[in-house]
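Everything on this sheet refers to the single structure shown next.
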Amino acid sequence: MPPTPPLAGPGRAVAEGHRAAAHPRCGHCPDDALGDAELISARAALAQGRWQSARSLLLHTGEDWDRRGHRVTVLAREPYAIAWSREWLLAEPGSAGAAGLYALTLVRRALRGKEPPERARDACGSAAALAAADPTPWLGLLLLARHLGTDEEVRDAFAEVRRRHPEHHHAHHLMTARLAETETQGAYELSAFAERSAAEAPADSPLAVLPVVAYNERHRVLAATGRAPAAAAGAGQWADPAARRALSAAFDWWLEWGIEEHPRRHVDLNHLAHATCDAGRYAEAAALFQRIGRHTTEVPWSYPDRDPCEAFRAARHRALGGS
């Protein structure tokens with residue numbers, strides 16, 4: 001099957017990620033770092049050409065694969081990351097950290113049309129050869145394949161990520177988005193994938209929220225193609241009994257486990273807040289907004305083609321009764 005072009009609207013921006021600057025005095029503008037203080041510090045140093053801070057950060061991250069993937073993808077979004085990661089790689093040619101960061105910067109540039117995809121793929125392959133157990137270079141290939149690859153390339157990259165880290169959070173979210181965009185006969189494969197991933201993960205895994213993510217992604221695609229109203233509440237998807245069960249199960253999981261140390265926990269919190277608010281479950285949404293605090297994420301508030309800051313503030317206002 002040929003590559004599937006990204007949907008109009010937020011699809012490409014979501015794949016790349018960025019720190020929103022549309023509202024400089026807004027307390028809710030998304031920041032991809034998601035409150036990771038060490039990452040924020042290393043990112044600032046990298047922007048100034050001090051790649052040694054990124055080196056130290058990744059060294060101390062070790063084999064915490066979800067955290068490593070999160071940190072490398074965020075560092076790779078810095079405008080000058082390509083230059084400084086190349087300098088680091090020249091200084092330490094055998095460094096898996098340098099090779100991984102360089103590869104992810106090329107992936108980001110390829111997604112923006114500023115780099116040949118083949119060069120990014122080759123760099124990811126070189127990084128993978130230096131760190132056989134690290135799923136991060138394969139995450140780079142999955143990021144690339146989600147928009148520029150065939151279904152087979154997407155599935156192969158996802159399988160390689162899972163072989164190294166079966167619960168990889170970011171990879172499962174990318175696969176969910178891709179399935180939502182490519183399914184032509186309803187949403188069976190998307191729902192089955194999300195439900196199976198949640199069921200097979202350990203009890204404390206945030207993949208328990210993936211079925212809700214799948215509903216949000218499905219609505220994004222339907223709204224972007226004119227098959228559903230832009231507002232999920234108007235689409236009525238949360239009136240479906242299966243959707244309500246998925247949302248209740250995900251919220252109950254958060255109440256019981258609420259993994260505070262997971263590096264991408266705010267992604268799940270924002271998906272849950274978005275869904276509970278659209279479902280009219282404002283008491284639950286209020287609790288989630290309180291926990292989110294300032295850590296807004298672009299996804300899913302930008303869905304289907306909205307300003308994430310404005311969408312977040314409006315939903316928060318409804319849930320918290322104007323506070």
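In this text the structure is predicted, and so the values were computed from the model without any measurement. Values below: all heavy atoms of this structure, side chains included; hydrogens, waters and symmetry mates excluded.
Residue Leu247 is grouped with residue Val213 when hydrophobic side chains (ILVMFWY) are merged at heavy-atom distances under 4.5 angstrom, including chains of intermediate members. Put simply, Val72 and Trp84 are part of the same group of oily side chains (I, L, V, M, F, W, Y) that touch within less than 4.5 Å, one to the next. Both Val212 and Met175 belong to a common hydrophobic cluster when Ile, Leu, Val, Met, Phe, Trp and Tyr are linked at side-chain heavy-atom distances under 4.5 angstrom. No single ILVMFWY cluster, assembled from side-chain heavy atoms under 4.5 Å apart, contains both Tyr80 and Leu89. In this structure, Trp253 is a member of the same hydrophobic cluster as Phe289, with clusters built from ILVMFWY side-chain heavy atoms closer than 4.5 Å.
For Arg265 (side chain) and Gly258 (main-chain N/O), no donor-acceptor pair under 3.5 Å exists by modelled atom type. Side chain of Thr276 to main chain of Ala273: a donor-acceptor pair is present (N/O by atom type, distance under 3.5 Å, no hydrogens or angles). A donor-acceptor pair is defined here as one N or O able to donate and one able to accept, closer than 3.5 Å; such a pair exists between the side chain of Glu183 and the backbone of Glu189. Proximity of a side-chain donor or acceptor of His70 to a complementary backbone N or O of Ala33 within less than 3.5 Å is detected. Side chain of Arg164 to backbone of Glu160: a donor-acceptor contact under 3.5 angstrom is found. Counting only distance, with no hydrogens or angles, the side chain of Asp307 and the backbone of Glu310 share a donor-acceptor pair below 3.5 Å. With hydrogens and angles disregarded, no donor-acceptor distance shorter than 3.5 Å links the side chain of Ser41 to the backbone of Glu38. Side chain of Thr150 to main chain of Glu153: a donor-acceptor pair is present (N/O by atom type, distance under 3.5 Å, no hydrogens or angles).
Side chains of Arg316 and Thr296: a donor-acceptor N/O pair is absent below 3.5 angstrom, by distance only. The closest side-chain donor-acceptor pair between His219 and Asp278, if any, does not fall under 3.5 angstrom. A donor-acceptor pair shorter than 3.5 Å cannot be found between the side chains of Gln52 and Arg50. Side-chain contact annotation: His170 with Asp66, donor-acceptor N/O pair under 3.5 Å absent.
Here CG of Asp32 is found 7.5 Å from OG1 of Thr73. Values are rounded to the nearest 0.5 Å. One distance of note links OG of Ser205 with NE2 of His262; it measures 7.0 Å at 0.5 Å rounding. Residue Leu142 holds its CG atom at 11.5 Å from CZ of Arg155, rounded to the nearest 0.5 Å. Expressed to the nearest 0.5 Å, how far CG of Leu58 lies from CG of Leu75 amounts to 6.0 Å. Once rounded to the nearest 0.5 Å, the distance linking CG of Leu179 with CG of Leu174 reads 11.0 Å. To the nearest 0.5 Å, the span separating CH2 on Trp51 from CG on Leu57 amounts to 14.0 Å.
By the 4.0 Å N-to-carboxylate-O rule, Arg178 lies close enough to Asp151 to be salt-bridged with it. Using a 4.0 Å cut-off between a side-chain N of Lys or Arg and a carboxylate O of Asp or Glu, Arg43 and Asp31 qualify as a salt bridge.
In this structure the side chain of His271 reaches within 4.5 angstrom of the side chain of Val299, judged on heavy atoms. Using a 4.5 Å heavy-atom threshold, the side chains of Glu87 and Ile82 count as separate. Two residues are said to be in side-chain contact when any heavy atoms from C-beta on lie closer than 4.5 Å; Arg162 and His172 meet this criterion. Contact of the Leu111 side chain with the Arg108 side chain is not registered, since no non-hydrogen atoms from C-beta on lie closer than 4.5 Å. Side-chain atoms of Val209 and Trp254, non-hydrogen and from C-beta on, never get closer than 4.5 Å to each other. A heavy-atom distance below 4.5 Å is not found between the side chains of Tyr282 and Leu320. Looking at Arg220 and Glu181, their side chains come closer than 4.5 Å, going by heavy atoms from C-beta outward. By the 4.5 Å heavy-atom criterion applied to side chains, Leu141 and Trp138 are counted as neighbours.
Taking the six-membered ring wherever Trp is involved, the centroid distance between the rings of His274 and Trp301 falls below 6.0 Å. Residues Trp88 and Tyr102 place their aromatic rings such that the two centres sit no closer than 6.0 Å. For Phe193 and Tyr188, the gap between ring centers reaches or exceeds 6.0 Å.
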- [ ] Before giving the answer on side-chain contact (heavy atoms from CB on, under 4.5 Å), spell out for Val221 and Arg227 the whole-Å C-alpha distance, their side-chain angles and the decisive distance to 0.1 Å.
- [x] CA-CA 8 Å; Val221 173; Arg227 290 177 287 165; 3.8 Å; yes
Task: side-chain contact (heavy atoms from CB on, under 4.5 Å) between Asn270 and Phe312, intermediate numbers included - done: CA-CA 9 Å; Asn270 278 266; Phe312 178 88; 3.8 Å; yes
TODO: Run the numbers on His173 and Leu210 for side-chain contact (heavy atoms from CB on, under 4.5 Å), then give the verdict.
DONE: CA-CA 7 Å; His173 279 238; Leu210 202 63; 3.8 Å; yes
TODO: Under the side-chain contact (heavy atoms from CB on, under 4.5 Å) rule, what do Val107 and Cys124 come out as? Steps first, then yes or no, please.
DONE: CA-CA 8 Å; Val107 167; Cys124 288; 3.7 Å; yes
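In this structure, Ser85 and Thr105 approach most closely via the heavy-atom pair OG-OG1, 3.8 Å. Among all heavy-atom pairs drawn from Ala103 and Ala127, the shortest one is CB-CB, 4.3 Å. When all heavy atoms of Thr176 and Ala214 are compared, the pair lying nearest together is CG2-CA, 3.6 Å. Between Cys29 and Cys309 the shortest heavy-atom distance is SG-SG, 3.1 Å. The minimum heavy-atom distance linking Leu272 with Ala250 is given by the pair CD2-CB, 3.6 Å. Of all the heavy atoms in Ala230 and Pro304, the pair that sits closest is O-CD, 3.4 Å.
Taking the six-membered ring for Trp and thresholds of 30 and 60 degrees, Trp238 and Tyr215 have ring planes inclined between 30 and 60 degrees apart.
Around CZ of Arg55, the count of heavy atoms belonging to other residues, nucleotides or ligands within 6.0 Å does not exceed 12. Counted within 6.0 Å of CZ on Arg86, heavy atoms from surrounding residues, nucleotides or ligands total more than 12; the atom is thus considered enclosed. By the 6.0 Å contact criterion, CD on Glu261 is open, its count of non-hydrogen atoms from other residues, nucleotides or ligands being 12 or less.
Just one residue in the list Arg67, Arg68, Arg71 forms a side-chain hydrogen bond (donor to acceptor under 3.5 Å, both in side chains) with Thr61, and that residue is Arg71.
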